[in-house]
Amino acid sequence: MRTPKGTRTALDRRGFLAASAAGGAAALTGATAGPAGAAAAGAAAEPPVVVRPGDRRYADLVRGWNQRWVASPEAVHLVHTPAQALDAVQHAVRTGRRLSLRSGGHCYEDFVFHAGTEYVVDVSGMDKVTYDPAHRAFSVESGARLLDVYETLFRTWGVTVPAGICFSVGVGGHVSGGGWGMLCRRDGLVVDHLYGVEVVVVDASGTARLVTATREPDDPHRALWWAHTGGGGGSFGLVTRYLFRSPGTPAGPPAAQLPAPPAEVLLSAVSWSWEQLDRADFTALVDHYGRWHAEHSAPGTPYDGLCSYLVLGHRSQGTVTLVTQMDATAPDAPARLDAYLRAVTEGVRARPTAQERDAGEHPALPGFATPRRIPWLTATRHLGTTNGLVNDPTLHSDFKSAYLRRPFTPAQLASLHDHLTRDGANPTAGVTLSSFGGAVNAVAPDATASAHRDSAFKALWTIWWQDPSEEAGCLAWIREAYAAAFATTGGVPVPGEAADGAYVNYPDADLGDPRHNRSGVPWHQLYYKDNYARLQQVKQAYDPGDVFRHRQSVRLPGR
């Protein structure tokens, strides 16, 4: 089943590639590297679809999932082959047009659509999922969306990648930002299985070329592969496809080269009504969630197959919800799931009920108050597709994130409760805590560009609105709630004993604004920590003209 084209909305965590182009003059060479070169050259004569102002399609192609961001470019190039992508980038450079790249999913910020956007290259039509025998790896084009990837990999080969939850997240930016999902504690991040990347880059002469970079130690482009294992979208080039093969897999059938998901999972979903949840109950629930994850953040435990999120909806929304998925094939899975639920809810006097309503970006799961055993793909489809809020293409939104190493302090717990019970807030306001650690923490922080390898859980502050007149009030709530949670470190989660920075796939322009980030720690340190200098060197090597840039792209050294 392929996701309907009209439903490319919902949370991504993060389906964008964003960048822009400085001027330059060079002829299109079509230079390529790697097995895709022949295919690209053979398709070079095939023109892309070009949409300009006045075309009835234009208005739908110049706005993102987040309706705050709308641009007015001269043209949108809808490319379907690597050659078309190469040609489109070269044209933008040759004509001095500022370039934005889109893979068809979500971007929280204005990295794709902004006032300076002059020329958009949209790769959403490049969505094939195949097996590449030359690289002995699975090939996923950068315009593919996650549910399509899951269904093709699983139904054809019985494998998967541990990527995100929402069905319509675009692969392009999700992977390059180091995407995580419900299998992260068992199988790590999606980039932990990334073998290679095919990307259009632009050299110092202004010449665009197609390069394939792999993790092989002797690959001359290995640094470019590394940069795409968490360095974020829109900094180094236009990704046309990713190649996936787990490290250490032997030569053999494709089914042995990526993780096999659980045949079945145990799925649990319970809610507490704010009418019955007092401050003490709220504090106990959130504190126990953080403590359990801090105590079980190391890899190699019987709980590697568990992933859970606690949705702290604003009181006007009505509920607080806990959703948990457990690998049902793991030893003693039902007993371990029960032990987890008891640990998190210990001391909470309010009684949980079935999750009868959507919780933030997550769908209602009314039939799972008692854990149910269901097939993995069925659970994945249900969790990722059925929420009306994030599938609404008319909404504006804002988001903020943090990695946590320790449970929240009493002051932080009090702040969370105060902001979630404050009168006058939008009912969509909330904070979602989600599992991290496990296999994610088995990888060294410099082995990939994803540096957050010793955290226990993540936190995501969210809010949506439809009427533009509501924007000021909604932004005020989320900014105040986030700043209060990290009041002792300048309003942001500075890496240290308790917090560990922010998630680049939940981009937040406020991190670069001293009015909101008063810590003195730059935004790139929150996203990349000690890996940033190395990312800058890759930027210098593969995008010396800063063709691919946006508000929070990796800067050239010295900038």
Go through the steps for T380 and F154 under the test side chain to side chain contact (heavy atoms under 4.5 Å, CB included), then give the verdict. CA-CA 12 Å; T380 299; F154 184 66; over 6 Å; no
The test is salt bridge (Lys or Arg N to Asp or Glu O under 4.0 Å); show your working for D543 and R549 and say whether it passes. CA-CA 9 Å; D543 186 26; R549 69 183 189 275; over 6 Å; no
Are F236 and L535 close enough, and set up right, to give a side chain to side chain contact (heavy atoms under 4.5 Å, CB included), and what steps lead you there? CA-CA 9 Å; F236 311 103; L535 288 169; 3.9 Å; yes
Stepwise side chain to side chain contact (heavy atoms under 4.5 Å, CB included) test for R381 and L147: CA-CA 7 Å; R381 286 179 54 79; L147 185 58; 3.4 Å; yes
Using ring pair (Phe, Tyr, Trp, His ring centres under 6.0 Å), reason through F436 and Y403 one step at a time and then give a plain yes or no. CA-CA 9 Å; F436 212 63; Y403 289 99; 5.2 Å; yes
Report the C-alpha separation of E109 and R551 in whole Å, then their side-chain angles, then the decisive distance to 0.1 Å, and conclude whether the salt bridge (Lys or Arg N to Asp or Glu O under 4.0 Å) test is met. CA-CA 9 Å; E109 287 289 357; R551 204 165 14 159; 3.8 Å; yes
Carefully, step by step, assess S246 and H193 under the rule side-chain hydrogen bond (donor to acceptor under 3.5 Å, both in side chains). CA-CA 4 Å; S246 299; H193 304 269; 2.6 Å; yes
Verdict with reasoning, R155 to L377, per side chain to side chain contact (heavy atoms under 4.5 Å, CB included): CA-CA 9 Å; R155 290 178 172 174; L377 187 58; 3.8 Å; yes
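Taking the six-membered ring for Trp and thresholds of 30 and 60 degrees, W65 and W464 have ring planes more than 60 degrees apart, a perpendicular arrangement. Relative ring orientation between Y242 and F244 is described as tilted, the plane-to-plane angle lying within the 30° to 60° band. The aromatic rings of F399 and Y108 lie parallel to each other, their planes meeting at an angle below 30°, with 60° marking the opposite boundary. Using cut-offs of 30° and 60° for the angle between ring planes, the H77 and Y119 rings count as tilted.
Side chain of D203 to main chain of T207: a donor-acceptor pair is present (N/O by atom type, distance under 3.5 Å, no hydrogens or angles). When atom types are taken as modelled, the side chain of R559 and the backbone of L556 share no donor-acceptor pair closer than 3.5 angstrom. A donor-acceptor distance shorter than 3.5 angstrom exists from the side chain of T229 to the backbone of W226, with no hydrogens or angles considered. Put simply, the side chain of S176 never gets that close to the backbone of H228: no donor and acceptor are under 3.5 Å apart. Between the Q552 side chain and the P507 main chain, no donor and acceptor come within less than 3.5 Å of each other. Distance alone, capped at 3.5 Å, places no donor-acceptor pair between the Y503 side chain and the L460 backbone. H91 places no side-chain N or O within 3.5 Å of a backbone atom of L86 that could act as its donor or acceptor partner. Remark: side-chain polar atoms of R136 are paired, donor with acceptor, to backbone N or O of P250 under 3.5 angstrom. For R52 (side chain) and V50 (main-chain N/O), no donor-acceptor pair under 3.5 Å exists by modelled atom type. Using modelled atom types, no side-chain atom of D132 and backbone atom of A137 make a donor-acceptor pair closer than 3.5 Å.
The side-chain heavy atoms of V161 and L258, taken from C-beta on, include a pair separated by under 4.5 Å. Between W225 and V191 the shortest side-chain heavy-atom distance does not fall below 4.5 Å. For the pair L153/T156, no side-chain contact is recorded, criterion being any heavy-atom separation below 4.5 Å from C-beta on. Residues W523 and Y528 have side chains in contact (heavy-atom distance under 4.5 Å, counting atoms from C-beta outward). Contact of the R222 side chain with the E216 side chain is not registered, since no non-hydrogen atoms from C-beta on lie closer than 4.5 Å. V200 places none of its side-chain heavy atoms less than 4.5 Å from the side chain of Q90. Within the 4.5 Å cutoff, the side chain of T240 has no heavy atoms near those of the E141 side chain. Counting only heavy atoms from C-beta outward, the side chains of S142 and R241 never approach each other to under 4.5 Å.
Taking the six-membered ring where the residue is Trp, the centroids of Y542 and H221 are separated by under 6.0 Å. Residues W69 and F111 keep their aromatic ring centres 6.0 Å or farther apart.
Judged by the 6.0 Å and 45° rule, R245 forms a cation-pi pair with Y195.
Applying the ring pair (Phe, Tyr, Trp, His ring centres under 6.0 Å) criterion to W157, with sequence neighbours excluded, gives F138. When the side-chain hydrogen bond (donor to acceptor under 3.5 Å, both in side chains) test is applied to R453, the partners found at least two apart in sequence or on another chain are D192, T448. For Q466, the side-chain hydrogen bond (donor to acceptor under 3.5 Å, both in side chains) partners at least two apart in sequence or on another chain are T394. Listed by chain and residue number, R186 satisfy the salt bridge (charged side-chain N to carboxylate O under 4.0 Å, His left out) test with D327 (two or more places apart in sequence, or in another chain). Take Y309 and apply the side-chain hydrogen bond (donor to acceptor under 3.5 Å, both in side chains) test, not counting sequence neighbours, and it matches H362. With sequence neighbours left out, D55 forms a salt bridge (charged side-chain N to carboxylate O under 4.0 Å, His left out) with R57.
Nearest heavy atoms, C184 versus A439: O-CB, 3.8 Å. In plain terms, the two heavy atoms of K529 and A451 that are nearest each other are NZ-O, 3.8 Å. Scanning all heavy atoms of the two residues, the minimum distance from A71 to T117 falls at CB-CB, 3.8 Å. Residues L210 and P82 come closest through the heavy atom pair CD2-CB, 3.7 Å. Nearest heavy atom pair, residue P73 against residue V120, reads CG-CG2, 3.9 Å. For the residue pair V79 and A88, the shortest heavy atom distance occurs at CG1-CB, 4.2 Å.
The distance from atom CD of Q325 to atom OG of S435, rounded to the nearest 0.5 Å, is 10.5 Å. How far CG of N66 is from CG of D110: 9.5 Å, rounded to the nearest 0.5 Å. The distance from the NE2 atom of H452 to the CG atom of N441 is 12.0 Å, given to the nearest 0.5 Å.
By the neighbour-count criterion of 12 heavy atoms within 6.0 Å, atom CG of D530 is sparsely surrounded, having that number or fewer from other residues, nucleotides or ligands.
Using a 4.0 Å cut-off between charged nitrogen and carboxylate oxygen, K539 and D546 count as a salt-bridge pair.
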